[in-house]
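Structure record follows, encoded as structure tokens.
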There are 2 protein chains.
Amino acid sequence: MLSRRQLLILQAIVDDYVQSAEPIGSRSISKRTDIPFSPATIRNEMADLEDMGYLQKPHSSAGRVPSNKGYRLYVDHLLYPEPVEEHEILDMEKMFSQRISEVEAVMKKTAAVLSELTSYASIVLGPEMDRTRLKQLQMIPLTSKQAIAILVTDTGHVENRTFDIPEKMNVADLEKVVNILNDQLVDTPVGQWEEKLMAESTRLLKQHVRHYEDMFGVLRSAFKPEKSDQVFYGGMMNLLTQPEFKDVDRVRMIFEWLDHSENVHTLLSNSQEGLNVRIGKENNIEAFADMSMITATYSIGGRTVGSLGVIGPTRMEYERAIRLIRQLANGLSTSLTKIYRHDI
Amino acid sequence: MLSRRQLLILQAIVDDYVQSAEPIGSRSISKRTDIPFSPATIRNEMADLEDMGYLQKPHSSAGRVPSNKGYRLYVDHLLYPEPVEEHEILDMEKMFSQRISEVEAVMKKTAAVLSELTSYASIVLGPEMDRTRLKQLQMIPLTSKQAIAILVTDTGHVENRTFDIPEKMNVADLEKVVNILNDQLVDTPVGQWEEKLMAESTRLLKQHVRHYEDMFGVLRSAFKPEKSDQVFYGGMMNLLTQPEFKDVDRVRMIFEWLDHSENVHTLLSNSQEGLNVRIGKENNIEAFADMSMITATYSIGGRTVGSLGVIGPTRMEYERAIRLIRQLANGLSTSLTKIYRHDI
DNA sequence: ATTAGCACTCGCCATCTAAGAGTGCTAACA
DNA sequence: TGTTAGCACTCTTAGATGGCGAGTGCTAAT
């Protein structure tokens, strides 16, 4: 177990290192007013902390740097919430008060604000749509050969697909299809559209609509579960200002990983509810060996539907970042709940 | 005026430098089988070319490097079309044969393919919507307080806005509004929606709909000309592999400029019809001092509606890039014309 | 007009050195 | 016994030095 003094020293080292990005020596720690010990004493403690794996030396005659384990301890036990700063609150309030009613716009804005305030890179995973229900289906003919299907969900989300009208069909036939589908599918959760379409509706449609077979394929693809939830990025450039990314190859690896949004998607959607802090190799991603990721989930009407987070060097202002993410996740939850006003 | 030999040498230098990214010496040029002159002769010519401003020396004992002026001459006079390569055609055909019917998807795909084939960064500016016409307006109530307006254009583009229903209005009132607006606005080009709404429709609406005033603001903002056309990026990471971007600060400046899509938007939408090559400072952008940009416009049914391009170092494979962009712009034009099948 | 020859320039790289920061250890101290 | 002063030692960094090589510009010969 660590002594009170060791904890104090570890904390001081992490705090200083986060600021300076340079190895911390015993002398500079001993100079701090909150640590009344000589460099020699501190050296002893540092050596012990290193033995226990909380600190590392870049090389034998350098100061100490926190290890992943050290950061982990810091995050788990040495973090006390600071009051949220005035201007941070202002920024957020200003943002959420704008009454943005498009979900996509809210997401983008959130990503932008999050990266702005933390000065790390931010990621926001759009709300999962699986359980939203079909509110209304419409088809609008564009030409005699093409029409557009519009799907509105109870959350106000609108999807549309253009499709070709089978040659032998006319507008009246199309209307029949729409009517039957509306009867059948309204209030069906997104996740079950395709299944339900295949199982029940097809029989009915075949009975009532001429040449329905020609349309089947088209319809099926229109009702395919929508593309994976969107990922919104913000402030990727912030990473470039950090000294740990002065090497372009490193940056490239990271950006390439982030470029594949399916990566990000699986990562974020697998994280558990509430706040998550993943330090360095805890991410299990090669390119992220010395990056940390802080994520939080947000919810709509109490149900968790997505998450957001920041990515930065392991040398991160955990306290501040955690505070801001918490705050934003809450704001986002209330904001979205307001948009999706009704019960889900 | 440049002699035939000088042109030959300039061409050789550009070609070699584009490959190697290192200053080219007289010796290596003289070794080329297509140049039967001794290094000394070439040195003389090089000195002349430098005097005329087509070449530069990084330092006094290095080889020569093309200047912006040199690249310009090369692009304007020394570029002969090479046959398009087999696999390039294949890639493009595969892409355009996918019959992607969503415009947005086509744009994204185009950006991806363009950056993939050129291995530079690509930009695609979505089609300008100004002249598309309203095909149909629908409003779908979500709750008693909220509804969603759906605008379909004759190009199959769908826009939707969620809005609050004024307290005193009911669904019947809403229907009336929709009917009147449809009568009035169908076939009106996007650019004139707002104007026409204000001028003619409002009078009518006031007459026939109770409490119309409460709705006015909402409606007006729904018919605001849509957000500026979208910009799609591809292969930003490709830039990082170029040796001229090994400096992170440089990369940051460029990315930050690109991050502001309004920059990109004005730049691209101001470029003239057809193919454009802007070399280095011709871009008039500080961060782009040694970047080149090649853009081309694409059209729908013969009318120019957008553009696409690549960004790379001035040391660029102009020939190849130009060829690919031309090809893609054509492909995009036919593909979009097919989507927007009817006359515009 | 072209080319061979040659002195010269200059960046690059490896080597070296001195300075400085920081450590670990030992012995003295409270 | 816990703390500290002192000191030798280690290792990085920055700057200086010098040879190497690629490339040039000029001159004189072809």
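Each chain gets a letter, A, B and so on, in the order its sequence line appears, and its residues count up from 1.
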Which letter, B, S or -, goes with each nucleotide of nucleotides 2-15 of chain C from 5' to 3', with contact meaning a protein heavy atom under 4.0 Å?
SBBB---BBS----

Rounded to the nearest angstrom, tell me the gap between atom [atom1] in [X] and atom [atom2] in [N].
X     : N      : atom1 : atom2 : value
A:I42 : C:dG22 : CD1   : C1'   : 13 Å
A:M46 : C:dA21 : CE    : C1'   : 13 Å
A:Q56 : C:dG22 : CD    : C1'   : 17 Å
A:R27 : C:dG20 : CZ    : C1'   : 12 Å
B:Y17 : D:dG23 : OH    : P     : 14 Å
B:I29 : D:dG23 : CD1   : C1'   : 13 Å
B:L49 : D:dG25 : CG    : C1'   : 16 Å
A:D48 : C:dG24 : CG    : P     : 10 Å

Under the salt bridge (charged side-chain N to carboxylate O under 4.0 Å, His left out) test, residues paired with B:R315 that sit two or more places apart:
B:E244

Residues two or more places apart in sequence or in another chain: which of them pass side-chain contact (heavy atoms from CB on, under 4.5 Å) with B:R43?
B:S26, B:P39, B:A40

Side-chain atoms of residues 57-64 of chain A: list all donor-acceptor pairs with protein atoms under 3.5 Å, sequence neighbours left out, distances to 0.1 Å.
unit_1: A:H59; atom_1: ND1; unit_2: A:S61; atom_2: N; d: 3.4
unit_1: A:R64; atom_1: NE; unit_2: A:E50; atom_2: OE1; d: 2.8
unit_1: A:R64; atom_1: NH2; unit_2: A:E50; atom_2: OE1; d: 2.9

How far apart are the closest heavy atoms of B:V248 and A:F245, and which atoms are they?
CG2-O, 3.5 Å

Please determine whether a side-chain nitrogen or oxygen atom of B:K57 lies at a distance below 4.0 Å from atom OP1 or OP2 of D:dA22.
no

Do any side-chain nitrogens or oxygens of A:R64 fall under 4.0 Å of OP1 or OP2 in C:dG24?
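For C:dG24, OP1/OP2 do have a side-chain N/O of A:R64 under 4.0 Å.
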
Please list, one pair per line, the donor and acceptor atoms closer than 3.5 Å that link side chains of residues 285-292 of chain A to other protein atoms, with sequence neighbours excluded.
unit_1: A:D290; atom_1: OD1; unit_2: A:R250; atom_2: NH2; d: 2.1
unit_1: A:D290; atom_1: OD2; unit_2: A:R250; atom_2: NH2; d: 3.1
unit_1: A:S292; atom_1: OG; unit_2: A:Y318; atom_2: OH; d: 2.8

I'd like to check the side-chain hydrogen bond (donor to acceptor under 3.5 Å, both in side chains) partners of A:R32; sequence neighbours left out, ordered by chain and number.
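So A:R32 forms a side-chain hydrogen bond (donor to acceptor under 3.5 Å, both in side chains) with A:D16, A:D34.
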
